Amino acid sequence: MRRLKQQLAALSEQNMLRTLREVESAQGPHVQIAGKDQLLLCSNNYLGLASHPALVEAACCATRDFGVGSGASRLVSGSMSLHHRLEEEIAEFKGTEAALLFNTGYAANNGIIQGLIGPEDRVFSDALNHASIVDGCRLSGAKISIYPHNDMVALEQMLTNAFKLRTGRWLIVTDGVFSMDGDMAPLDRLVELKERFDAWLMVDDAHGGGVLGAGGRGTAEHFGCLGKIDLQMGTFGKAFGSFGAYLAASRSVIDVLINRSRAFIFSTSLPPGVVATNCAALQLVNSEEGRIRRERLEKNRHLFVGCLEQAGLDLCGSTTQIVPVLTRNPAPTMKAAASLFERGICLSGIRPPTVPSGACRLRATLMADHDPQEIVAAADKIIAVLAELNLQDA
Ligand SMILES: *Cc1c(COP(=O)(O)O)cnc(C)c1O
């Protein structure tokens with residue numbers, strides 16, 4: 001016990017202690033925290049679907065008709081019609097033969113990589129990939145080659161060098177949109193490389209799904225290479241407003257995972273209410289309303305980024321609704337976040353180990369149902385707080 005307390009005290013001294021913030025209202029562009037209204041600038045609820053009436057209704061109906069629990073894992077007795085329907089709809093949405101549900105994005109990345117490759121194989125993984133991909137690679141026992149973030153020249157060199165002694169299967173894996181920098185992977189160039197070197201390409205589109213591409217089909221649609229990505233992983237917890245994750249891929253990939261993926265096999269399947277909500281979310285993303293919400297989100301992003309760039313802030317190369325503002329060191333970063341919180345703006349200060357040392361940042365995320373005027377006012381407050389702390393040209 002004493003050692004744990006010392007560990008916590010040390011974290012606190014270094015401004016590295018993480019604590020939970022209690023949200024007292026439903027998720028929306030504003031939330032209630034500690035009895036106070038806050039403009040929410042750090043949720044992944046990009047399209048504002050987390051409390052959308054159509055999704056709430058779908059959850060209630062399915063719960064009334066099918067109960068609150070699925071009762072078992074998919075391979076036992078928990079594979080309900082709703083799961084099969086959602087998988088068919090995802091496959092159609094993504095243009096693949098089949099799809100498979102996972103309980104979370106974290107579990108999906110663990111289970112997909114562990115289920116498909118092993119110690120005789122090699123993974124090429126972007127240096128900034130999400131922790132769940134990193135853990136999946138470790139779990140698989142495969143040889144791991146980490147390439148510098150989005151550096152296609154370096155990746156090509158690694159592939160060329162390893163080609164002479166190649167054994168086993170090769171997998172190139174990347175986030176579609178990187179969660180801490182808000183930039184995209186160059187999927188067109190990754191497709192070229194994966195074809196040339198006969199590797200599989202896996203894209204984790206947790207942040208791109210629902211948002212990018214004219215139809216919200218994600219980063220692959222944005223780059224015009226939907227049909228060319230072997231393994232398209234995505235989540236329902238972000239733009240889709242709900243919970244859960246999926247892989248869209250060929251029939252044989254899915255069948256192998258049903259037989260081999262431990263995260264899929266050894267876990268109770270998603271409850272009916274969640275699965276029905278995901279069906280409703282998919283339908284909404286696919287509709288005219290979905291298109292309008294994507295357009296509003298893009299307008300808000302444009303407005304917000306315009307203000308911050310005009311003030312000369314470093315936005316870490318962001319090209320999406322995830323907008324980091326570089327602040328470098330933990331203490332001033334957390335001070336800036338606290339000061340903004342006092343001014344009614346809730347966003348996160350990001351520190352190591354989530355980002356490298358010296359790369360701390362305030363990370364803002366935008367929503368379709370943010371009021372544009374409030375977005376401009378929030379940008380002004382961020383600029384003012386950073387100026388007060390002398391962080392403008394950090
Ligand atoms: C959020 C996220 C995940 C995890 O998804 P959950 O459904 O929240 O577990 C995986 N990959 C990336 C890139 C993410 O941003």
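In listed order, ligands and their atoms are each counted from 1. Quantities reported herein were computed from a predicted structural model and do not represent experimental measurements.
- Atom numbering of ligand 1 starts at 1 in the shown order; those under 4.0 Å from a heavy atom of Thr235 are 5 (O), 7 (O).
- Each of the following atoms of ligand 1 lies closer than 4.0 Å to a heavy atom of Ala206: 2 (C), 11 (N), 12 (C), 13 (C), 14 (C), 15 (O).
- Hydrophobic clustering of Ile, Leu, Val, Met, Phe, Trp and Tyr side chains at less than 4.5 Å, counting indirect connections, unites Ile229 with Leu190.
- Taking a cut-off of under 4.0 Å to the non-hydrogen atoms of His207, the atoms of ligand 1 that pass are 14 (C), 15 (O).
- Shown here is Lys335, whose NZ atom has no more than 12 heavy atoms of other residues, nucleotides or ligands within 6.0 Å.
- Qualifying side-chain contact (heavy atoms from CB on, under 4.5 Å) partners for Asp188, counting only residues two or more places apart in sequence or in other chains: Pro186, Phe223.
- The shell of residues lying under 4.0 angstrom from ligand 1, judged by heavy atoms, includes Ser132.
- Of all atoms in ligand 1, listed by their number and element, those nearer than 4.0 Å to a heavy atom of Tyr106 are 4 (C), 5 (O), 6 (P), 9 (O).
- Applying the side-chain contact (heavy atoms from CB on, under 4.5 Å) rule to Thr160 yields the partners Glu156, Phe197; only residues at least two apart in sequence or on another chain are considered.
- At least one N or O atom of Asp204, backbone or side chain, sits closer than 3.5 Å to an N or O atom of ligand 1.
- Distances from atom 2 (C) of ligand 1 to the heavy atoms of Lys238, Met180, Met233 put Lys238 nearest.
- Close approach of ligand 1 to Gly105 is summarised as follows: ligand atoms under 4.0 Å from at least one heavy atom of the residue are 4 (C), 5 (O), 6 (P), 7 (O), 9 (O).
- Between Arg64 and Glu57, no side-chain nitrogen of the basic residue sits less than 4.0 Å from a carboxylate oxygen of the acidic one, so the salt-bridge criterion is not met.
- With salt bridges taken as basic N to acidic carboxylate O contacts below 4.0 Å, none links Lys36 and Glu342.
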